[in-house]
Amino acid sequence: MDMKTVLVAVCLLLVSPITGHWWAVGSHVVMDPTLVCKKTRRLRGRLADICKKEPALLKEISKGVAQGSKECQYQFRNRRWNCTNVRRSLKKVLMRDTRETAFVNAITAAGVVYAVTRACTMGDLVECSCDKNVKGRGRLGVLSPDHAHAATAAAATPASGAAAPGDWEWGGCGDNVNFGYRKSKDFMDAPYRRNSDIKTQVRRHNNDAGRLAVKNHMRTECKCHGLSGSCTLRTCWRKMPPFRDVGNRLKERFDGAAKVTPDNDGHRFQTEGPTIKPPGRADLVYLEDSPDFCRPSRSTGSLGTAGRRCNATSPGVEGCDLLCCGRGFDTRRVAERVNCQCRFRWCCEVTCSTCLVRREINTCR
Ligand SMILES: *[C@@H]1O[C@H](CO)[C@@H](O)[C@H](O)[C@H]1NC(C)=O
Ligand SMILES: *[C@@H]1O[C@H](CO)[C@@H](O)[C@H](O)[C@H]1NC(C)=O
């Protein structure tokens, strides 16, 4: 299918009132999760359950959305599109299906998995608790906790602690990631449940890629027991990776995202060229090329880069050349008082003097 056909398809979708409604709901999921419950006219199924019966869960979902948004801003802090949550911009980004849309949806879905799972572990939700499904014990070196979990943990890290021989058993309070995964899916995918058009496919795929960035990268943590830390017995549990790792992983997927087009019956997507390998479940996919985000634009939601700080010597995306889109930049010299020559004095005090440092601040024209 050529680009023109895709554009026509996309435009048709845009004017379809039903899809339009679901889209609005879809962007509420990211911008204000509690609005989903208010704006969805006929709440049904699992989404209805969450909205009506599980206010504590809804609160964790909102926290997850906020965590996703914060991580998005960190990952894109030095780029032209900086994942701003200025509503008029974000709304437009969420209506499209660019790489940026893919990332926002994925990191949001991941944030929801994360927050809900953590709430389970902390005992903040009555619906769930620690993961009690992993049971059993073994001898280190014969069957390590990581091997036991090889099927569910694609990239488990080696158990921490000394590699001394000894027994281990599952214990402690493991992260119940399957519950978080399920609830993230119930909530995030609800607007897209009944549609099978290409945009819906892409959104569901990217949401899932985000969830898998947490679920497929669980770690094993262990604690030693035994006389004076001899580690004759260890208890181990499953733990989510730090959310920063999830963000980094999804950022890599953003960089390698695959452009897809609808296949002949329009219900599935395929990669553009026959040579590109089909995207896996954990990869991000997109339908439209991104705008350059250089200038403010009402239609794309770009805020432009004028006034953004840039690095005059860097050749990368944060460098003034790229960030300012060739418009040039202004340089300001500032002097700042900072703590310096700090010394640790026994015990327990740190003394510093103040120094004046001069810095150059470059901002895009
Ligand atoms: C993101 O970029 C916009 C304009 O491009 C700017 O106004 C805003 O301050 C930036 N946000 C952050 C967190 O840097
Ligand atoms: C600017 O970029 C250069 C080269 O990449 C780097 O060494 C330097 O630390 C950067 N400066 C700031 C203020 O980030």
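Each ligand, and each atom within it, is numbered from 1 in the order the structure gives. This structure is a prediction, so every number in the text was calculated from the model and none was measured.
- For Lys63 and Tyr114, the positive end is not near the middle of the six-membered ring at less than 6.0 Å and at most 45° from its axis.
- For atom 3 (C) of ligand 1, a protein heavy-atom neighbour is present inside the 4.0 Å cut-off.
- Ligand 1 places these atoms under 4.0 Å from at least one heavy atom of Gly304: 4 (C), 5 (O).
- Residue Arg308 touches ligand 1 through its side chain alone, judged by heavy-atom distances below 4.0 Å.
- In this structure, atom 7 (O) of ligand 2 has no protein heavy-atom contact shorter than 4.0 Å.
- Below 3.5 Å of separation, one finds no N or O of Glu318 facing any N or O of ligand 2.
- For atom 11 (N) of ligand 1, a protein heavy-atom neighbour is found at a distance under 4.0 Å.
- For the two cysteine residues Cys364 and Cys325, the thiol sulfurs sit 2.5 Å or further apart.
- Between Asn82 and ligand 1, at least one pair of N/O atoms sits closer than 3.5 Å.
- The environment of Lys59 atom NZ is sparse: at most 12 non-hydrogen atoms of other residues, nucleotides or ligands sit within 6.0 angstrom.
- Side-chain atoms of Asn206 come within 3.5 Å of backbone atoms of Val285 as a donor-acceptor pair (strictly under, hydrogens ignored).
- Of the two cysteines examined, Cys352 and Cys342, the SG atoms meet the criterion of being under 2.5 Å apart.
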